[in-house]
There are 2 protein chains.
Amino acid sequence: MNAVRPTLEKVAARAGVSRATVSRVVNGSPQVKPEIREVVMRAVEELGYVPNLAARSLVTQRADSIALVFPEPPARVFSDDPMFASIIRGVSQEMDLADKQLVLMLSGSPRGQERVERYTTSRHVDGVILASLHGADPLPAALARRGVPVVCGGRPIAGGGPPSVDMENVGGAEQAVRHLVASGRRRIATIAGPQDMIAGIDRLTGYRNVLRDSDRRSIVAVGDFTRDSGATAMRQLLRDDPALDAVFAASDMMALGALQVLRQSGRRVPDDVAVVGFDDVPAAAYAEPPLTTVRHPIHDMGRELARLVLSLASGEDVDTPVILPTELIVRESA
Amino acid sequence: MNAVRPTLEKVAARAGVSRATVSRVVNGSPQVKPEIREVVMRAVEELGYVPNLAARSLVTQRADSIALVFPEPPARVFSDDPMFASIIRGVSQEMDLADKQLVLMLSGSPRGQERVERYTTSRHVDGVILASLHGADPLPAALARRGVPVVCGGRPIAGGGPPSVDMENVGGAEQAVRHLVASGRRRIATIAGPQDMIAGIDRLTGYRNVLRDSDRRSIVAVGDFTRDSGATAMRQLLRDDPALDAVFAASDMMALGALQVLRQSGRRVPDDVAVVGFDDVPAAAYAEPPLTTVRHPIHDMGRELARLVLSLASGEDVDTPVILPTELIVRESA
DNA sequence: CGAACGGCAGAGAGCGCTCTCACACAGCAT
DNA sequence: ATGCTGTGTGAGAGCGCTCTCTGCCGTTCG
């Protein structure tokens with residue numbers, strides 16, 4: 001019907017005021033007399049005026065949008081692992097509240113990485129959330145150099161680095177393994193996560209801490225948080241120590257994979273082998289048997305990340321790393 | 001280090017040419033002498049120049065970004081259902097190829113809906129992908145009025161409406177139910193999806209078609225595609241007809257819920273009751289027993305949606321609805 | 001009664017870019 | 001020499017908005 005968008009100018013003409021006044025009304029400045037505001041509002045309404053954000057951000061130097069970057073290959077980000085989705089949801093919720101837009105970027109490929117860098121450094125976003133950090137990602141440094149606010153999920157491995165939100169990975173893993181120890185398990189293995197990610201490293205550390213203190217030998221296989229890698233790792237563990245009586249998997253998806261291998265190998269869970277996961281994904285509760293796991297507030301992590309980056313973007317200082325608590329959920333698998 | 005971004009002007013000064021020439025080089029116009037191009041490129045490099053996209057889109061009237069809108073409540077979009085994630089991945093992949101940005105919007109709440117409308121109509125995006133359509137969403141009309149290209153996943157219920165990509169929902173359901181009939185099942189129930197979504201409607205239609213043709217009575221319960229709703233529906237069906245010997249669930253998540261209820265009620269699958277799902281989510285293959293299901297190319301749907309909206313945005317016409325094929329994956333549950 | 005003030009509106013200068021147009025200059029035909 | 005092309009470059013006008021600055025008015029105070 002009306003494909004041409006009216007400009008401020010048009011609205012001003014219609015309302016019989018100046019552009020500046022319309023701008024004031026649109027942006028809710030208190031410096032406008034109520035009756036004039038009224039007239040302008042009506043004109044806005046009648047013309048269906050919507051501000052041109054490009055023009056606005058050109059002058060304000062703000063974009064009112066935030067990039068959420070997943071540095072994983074897309075296949076990984078959105079397999080059946082609901083972690084990523086939870087983060088998105090958390091971030092998105094907070095963005096809604098702040099009336100900011102969420103620009104989603106997957107930077108799995110090298111090409112993608114370059115694009116992300118170009119885009120995020122071009123002041124087209126007010127800040128960047130890095131959902132997770134692998135080893136030495138060059139992005140944080142590039143952004144810092146440009147003065148673009150960055151926060152990241154999972155504290156940086158090296159220390160220093162950008163502000164971050166993390167969770168009690170060490171503590172959570174300790175809780176899980178302590179639970180296994182307390183129930184009398186002697187040969188407790190672990191399926192660790194990728195060792196270039198802080199969550200992978202920390203959960204393994206937690207496992208080691210408890211084993212060391214309780215005088216048990218550690219039995220380790222490494223996965224990449226996916227179900228298949230969990231299954232593979234479980235087979236490996238069974239080969240390494242057929243008599244193991246417990247497994248702590250650093251992610252629920254890996255635990256689910258392990259459960260299946262255990263079943264195939266004729267072990268009963270938890271009678272022969274106890275299994276504890278990490279994440280408390282929805283599927284954990286539906287597993288056979290229902291999976292004992294460590295719950296962490298991944299959704300809150302998304303929200304917290306969003307809040308932080310928004311604070312940074314508006315020039316405030318933030319106190320990080322923020323560490324979110326975890327909680328052991330005891331079900332039937334251990 | 002260098003928080004102020006250099007402008008075209010600065011680059012021009014450094015290279016000793018005019019703004020226009022730098023612009024030409026940056027945008028790859030052939031109208032520039034190689035040696036001058038060289039000089040300009042070096043200046044760009046040295047200053048770390050990155051074009052200001054806001055300024056560019058102000059004049060070009062393009063935003064180089066596309067909105068992907070999920071009209072569901074966030075909790076729904078990203079529960080443990082990986083469908084949404086697959087769409088995102090597909091869309092994202094195509095956007096990468098086209099060098100466009102993906103702006104993700106969840107419009108579950110009424111407030112969100114309004115925000116989405118404001119944002120998408122403000123020419124801040126070149127087009128909009130509506131991931132799914134519920135009954136009478138006002139957004140397509142609003143966008144059409146503004147001349148903003150829209151495509152949607154799942155053809156509109158009412159007919160007409162925006163261009164869309166859909167899949168063989170009727171045909172897929174028919175295949176599934178025919179499989180049940182062929183294996184001699186007599187009392188075939190269905191757990192239908194929400195009847196305000198085309199996927200829900202069509203899959204039920206497919207079920208009805210086959211039952212009608214094979215002289216069986218239909219037994220229907222309705223869910224909302226989620227696992228819990230599947231479980232609830234299954235209990236209901238068992239009450240309605242304790243002797244049923246097959247269930248066609250309109251989504252794998254519902255089938256998974258049904259599987260669990262069946263197990264709890266002491267039925268063996270597939271011996272007592274055969275179960276077929278729809279979607280072929282990763283978890284289907286890992287279910288106990290592995291779920292027979294209808295696979296559809298949800299990822300391709302994302303890609304197709306992206307391609308369509310990009311075509312529309314560049315003024316081309318498109319031929320829709322595009323219908324993607326489905327395929328019956330026979331595993332052990334039926 | 002004039003000066004000072006405070007609340008409100010308008011004028012106008014950009015934000016950083018693209019794009020049209022004009023123009024300079026080379027090469028060739030007239 | 002004059003005119004014509006055609007190629008390559010620069011000048012300059014905006015795109016639609018915000019925001020500072022200026023100036024108007026009505027009020028209050030010395």
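Chain naming here is simple, since letters A, B, ... match the order of the sequence lines and numbering starts at 1 in each. Just so it is clear, the values below take in all heavy atoms, side chains as well, and ignore hydrogens, waters and symmetry mates.
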Quick one: R19(A) CZ to dG12(C) C1', roughly how many Å, whole number? 8 Å

From CD of E9(B) across to C1' of dG12(D) the rounded distance in Å is 12 Å

Whole Å only: how far is the NE2 atom of H124(B) from the C1' atom of dG16(D)? 13 Å

Between atom CD in Q31(B) and atom P in dC19(C), what is the gap in whole Å? 13 Å

I want to check one thing: is the phosphate of dT18(D), taken as OP1 and OP2, less than 4.0 Å away from some side-chain N or O of S23(A)? yes

What's the CD-P distance between E38(B) and dT9(D), to the nearest Å? 14 Å

Spacing of L8(A) atom CG relative to dG14(C) atom C1', expressed in whole Å: 15 Å

Got a donor-acceptor pair under 3.5 Å from the side chain of R24(B) to the base of dT18(C)? no

Separation of L58(B) atom CG from dC17(C) atom P, in whole Å? 12 Å

Pick the nucleotide of DNA chain D nearest each of A55(B) and V22(A); which residue has the one closer to the 5' end? A55(B)

Distance check, rounded to the nearest 0.5 Å: L102(A) atom CG versus E94(A) atom CD? 11.5 Å

Would you please say whether a donor-acceptor pair under 3.5 Å links the side chains of Q101(B) and H124(A)? no

Please work out if I36(B) contacts a base, only the sugar-phosphate, or nothing of the nucleic acid, heavy-atom cut-off 4.0 Å. sugar-phosphate

Please test E316(A) against S314(A) for side-chain hydrogen bond (donor to acceptor under 3.5 Å, both in side chains), starting from the C-alpha separation and ending with a verdict. CA-CA 6 Å; E316(A) 296 161 36; S314(A) 56; 3.3 Å; yes

Does Q61(A) have a side-chain nitrogen or oxygen under 4.0 Å from the phosphate oxygens OP1 or OP2 of dG16(C)? yes

Assess the side chains of E9(B) and T7(B): does a donor N or O sit below 3.5 Å from an acceptor N or O? no

Is S18(A) close enough to dA9(C) that one of its side-chain N or O atoms is under 4.0 Å from OP1 or OP2 there? no

Output the rounded distance in Å from NZ (K33(B)) to P (dG6(D)). 19 Å

Trace of the salt bridge (charged side-chain N to carboxylate O under 4.0 Å, His left out) decision for R307(B) with D300(B): CA-CA 10 Å; R307(B) 258 182 254 131; D300(B) 291 341; over 6 Å; no

Taking OP1 and OP2 of dT18(D), is either one under 4.0 Å from a side-chain nitrogen or oxygen of N27(A)? yes

